[in-house]
A.B. asks: 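Dumping the structure here so I can ask a few things about it.
Order of the sequence lines fixes the chain letters, A, B, ..., with proteins taken first and strands second; residue numbering starts at 1 for each chain.
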Number of protein chains: 4
Amino acid sequence: MARGINKVILIGNLGVDPETRYSPNGAAVTNIRLATTESWRDKQSGEQQEKTEWHRVVCFGKLAEIAGEYLRKGSKVYIEGRLQTRKWQGQDGQDRYTTEIVANDMQMLDGRGEGMGGGGGGGNRSQNAPKKDQSETAPMDDGGFDDDIPF
Amino acid sequence: MARGINKVILIGNLGVDPETRYSPNGAAVTNIRLATTESWRDKQSGEQQEKTEWHRVVCFGKLAEIAGEYLRKGSKVYIEGRLQTRKWQGQDGQDRYTTEIVANDMQMLDGRGEGMGGGGGGGNRSQNAPKKDQSETAPMDDGGFDDDIPF
Amino acid sequence: MARGINKVILIGNLGVDPETRYSPNGAAVTNIRLATTESWRDKQSGEQQEKTEWHRVVCFGKLAEIAGEYLRKGSKVYIEGRLQTRKWQGQDGQDRYTTEIVANDMQMLDGRGEGMGGGGGGGNRSQNAPKKDQSETAPMDDGGFDDDIPF
Amino acid sequence: MARGINKVILIGNLGVDPETRYSPNGAAVTNIRLATTESWRDKQSGEQQEKTEWHRVVCFGKLAEIAGEYLRKGSKVYIEGRLQTRKWQGQDGQDRYTTEIVANDMQMLDGRGEGMGGGGGGGNRSQNAPKKDQSETAPMDDGGFDDDIPF
DNA sequence: TTTT
DNA sequence: TTTT
């Protein structure tokens with residue numbers, strides 16, 4: 001059982017092409033550099049301000065393969081995952097820490113990932129597929145505005 | 001592949017005990033009534049305001065069993081799920097629609113669910129377990145503040 | 001103070017053009033019909049399955065104006081908000097309930113909203129602008145991979 | 001306008017008491033070390049596994065004051081914020097990077113924060129207070145299960 | 001119907 | 001009603 005929630009949701013653009021490597025057992029690992037930009041008008045100067053944050057995202061397995069195949073520098077993407085901080089040794093022998101987002105869901109947002117669904121899944125989202133138990137329920141069949149509902 | 005994101009995150013308290021039923025094939029279905037309360041100070045009157053929203057949450061399978069066993073009226077719980085609107089027929093034969101949150105993760109937040117982990121899982125969270133590929137990474141081993149880092 | 005969390009995150013497409021109305025005091029209210037589609041391969045039949053969920057989103061104030069001006073039928077959009085269930089009376093005098101997402105953030109995701117930033121804000125996101133206290137911090141200035149970091 | 005989403009949601013426990021400092025202009029800054037723990041049953045060994053992730057959370061202003069006053073080592077808390085990576089110089093003159101969660105919402109989850117609401121707000125959540133435009137809408141007034149709704 |  |  002999990003004791004805690006550790007969830008990250010990002011929408012941003014890739015700064016470089018993704019890098020895919022394979023572990024000895026053949027599992028794919030894809031690293032992504034993702035930019036999220038905030039802009040706002042400064043209250044004092046009245047000028048438009050902008051700040052970009054860069055994120056390290058890592059994908060494993062099937063998600064890594066899809067990311068490596070369909071994402072490119074500039075791609076806009078939705079990423080859901082969890083924070084993880086890795087410890088490593090710098091060349092000077094000192095400990096360093098790097099925080100990454102370990103992705104467990106991904107969606108392309110710029111229409112360049114047309115073939116993505118073909119291989120059978122855009123992430124570890126099987127838990128989101130409607131369960132058999134719910135199969136008797138039906139979605140609303142009417143997307144228009146209902147005059148019957150007073151706003 | 002999913003084309004869209006449909007995600008709900010709730011933290012609230014149960015208004016009544018959960019209700020568990022079993023489908024013909026033996027799968028559990030648990031319904032929960034969850035209250036989320038917002039309060040704020042009104043800018044005009046300066047008075048404290050409060051508003052409670054009631055949510056219908058439905059859990060299936062293993063999650064339904066855990067919810068039925070460990071949650072009670074008053075329990076504080078974290079729910080993650082997706083929105084789903086069901087169509088049904090009122091006694092007058094007219095269509096009605098009910099929107100529910102179909103849970104795919106749950107966590108008790110008031111310490112009454114101590115035994116929860118025993119049975120093997122607090123939801124459909126297997127995708128969040130660290131993957132084998134990451135097993136070489138180590139968590140930071142120190143929860144204290146690092147004097148080395150200037151704030 | 002809030003006692004509870006009530007958060008919804010959606011990415012989907014508009015089924016119809018947004019509808020904007022103005023309250024007596026001149027404040028805009030915009031209603032949106034948003035589709036989120038899930039698709040998955042059925043484990044038993046092996047066939048591709050698909051299910052679309054329709055959401056009612058309502059925006060107020062500045063966000064309503066932006067939504068009404070920039071969104072159109074087919075637009076892909078990110079919505080963040082909270083669930084709210086309204087009670088209303090059907091023509092038969094009976095109570096009905098409609099659940100909506102009250103938006104507090106919105107982002108266009110298909111590049112058709114280029115001019116959106118001009119008016120000064122894409123939502124109630126002022127709390128997300130970097131605060132003055134943080135202004136001494138600098139973002140990482142390099143979106144590339146760092147050879148120094150072993151993966 | 002924002003171009004991107006950068007959102008973190010954490011539920012965890014403080015590893016140490018929060019540390020509050022004041023900037024020259026009197027604004028509070030509070031640093032928090034937060035642990036989120038995942039546990040799962042290993043499929044191969046069948047043994048229970050556990051992994052704790054430590055997060056650095058920083059709060060500013062009013063939120064910093066509340067965090068400093070009400071949170072303690074061991075407190076369970078909900079944090080919502082955004083990722084930010086700061087660059088700093090190690091004693092060896094080399095660049096280091098530290099990733100933090102800049103909080104913009106917080107909620108105590110263990111009942112020790114009884115007096116929290118008194119001072120007027122548990123975070124930058126004013127945007128979540130029901131807006132005047134919505135004041136004509138009423139919440140559902142019935143939290144019980146409705147026999148009328150067939151499950 | 002919950003909770004603080 | 002959308003979208004891929």
A.B. asks: Between the side-chain atoms of B:T36 and the base atoms of E:dT3, is any donor-acceptor pair under 3.5 Å?
C.D. replies: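 In this structure, the two groups form no donor-acceptor pair.
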A.B. asks: Rounding to a whole Å, what distance do you find between C:E50:CD and F:dT2:C1'?
C.D. replies: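 So the two atoms are 11 Å apart, to the nearest Å.
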A.B. asks: May I have the distance from B:I11 (atom CD1) to E:dT3 (atom P), rounded to whole angstrom?
C.D. replies: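 Spelled out: CD1 on B:I11 to P on E:dT3 is 17 Å.
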A.B. asks: What is the distance, rounded to the nearest whole Å, between atom CD of B:E38 and atom P of E:dT2?
C.D. replies: 19 Å
A.B. asks: Where the side chain of B:N13 is defined as all heavy atoms beyond and including C-beta, which of E:dT4, E:dT2, F:dT2 is the nearest nucleotide?
C.D. replies: E:dT2
A.B. asks: Are any side-chain N or O atoms of C:D110 and backbone N or O atoms of C:K76, one a donor and one an acceptor, separated by less than 3.5 Å?
C.D. replies: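 Checking the backbone N and O of C:K76 against the side chain of C:D110, a donor-acceptor pair under 3.5 Å is found.
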A.B. asks: Under a 3.5 Å distance rule, please check whether B:N31 uses its side chain to pair with a backbone N or O of B:V58 as donor and acceptor.
C.D. replies: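 Such a contact is absent between B:N31 side chain and B:V58 backbone.
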A.B. asks: Nearest to the C:R3 side chain among E:dT3, F:dT2, E:dT2, which nucleotide is it?
C.D. replies: E:dT3
A.B. asks: Is a donor on one side and an acceptor on the other found under 3.5 Å between the side chain of A:E80 and the backbone of A:K7?
C.D. replies: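 Not a single qualifying donor-acceptor pair exists.
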A.B. asks: Over how many whole Å does the gap from C:K73 atom NZ to F:dT3 atom P extend?
C.D. replies: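 That distance rounds to 7 Å.
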A.B. asks: What integer distance in Å separates D:Q107:CD from E:dT4:P?
C.D. replies: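 In whole Å, E:dT4 P and D:Q107 CD are 13 Å from each other.
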A.B. asks: Nearest whole angstrom, please: distance from the P of E:dT3 to the CG of B:L10.
C.D. replies: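 Computing the B:L10:CG to E:dT3:P distance gives 17 Å.
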A.B. asks: Is there a donor and acceptor pair, one atom on the side chain of B:S75 and one on the base of E:dT2, closer than 3.5 Å?
C.D. replies: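 Checked by distance alone, the answer is no.
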A.B. asks: Applying salt bridge (charged side-chain N to carboxylate O under 4.0 Å, His left out), name anything that partners D:E69, two or more places apart in sequence or on another chain.
C.D. replies: none
A.B. asks: Specify the separation, in whole Å, of atom CD of B:E19 and atom P of E:dT2.
C.D. replies: 15 Å
A.B. asks: Without decimals, in angstroms, what is the distance between B:I5 CD1 and F:dT3 P?
C.D. replies: 18 Å
A.B. asks: Hey, is the side chain of B:K76 poking within less than 4.0 Å of OP1 or OP2 on E:dT3, counting only N and O atoms?
C.D. replies: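 Checking B:K76 against E:dT3: no side-chain N or O falls below 4.0 Å of OP1 or OP2.
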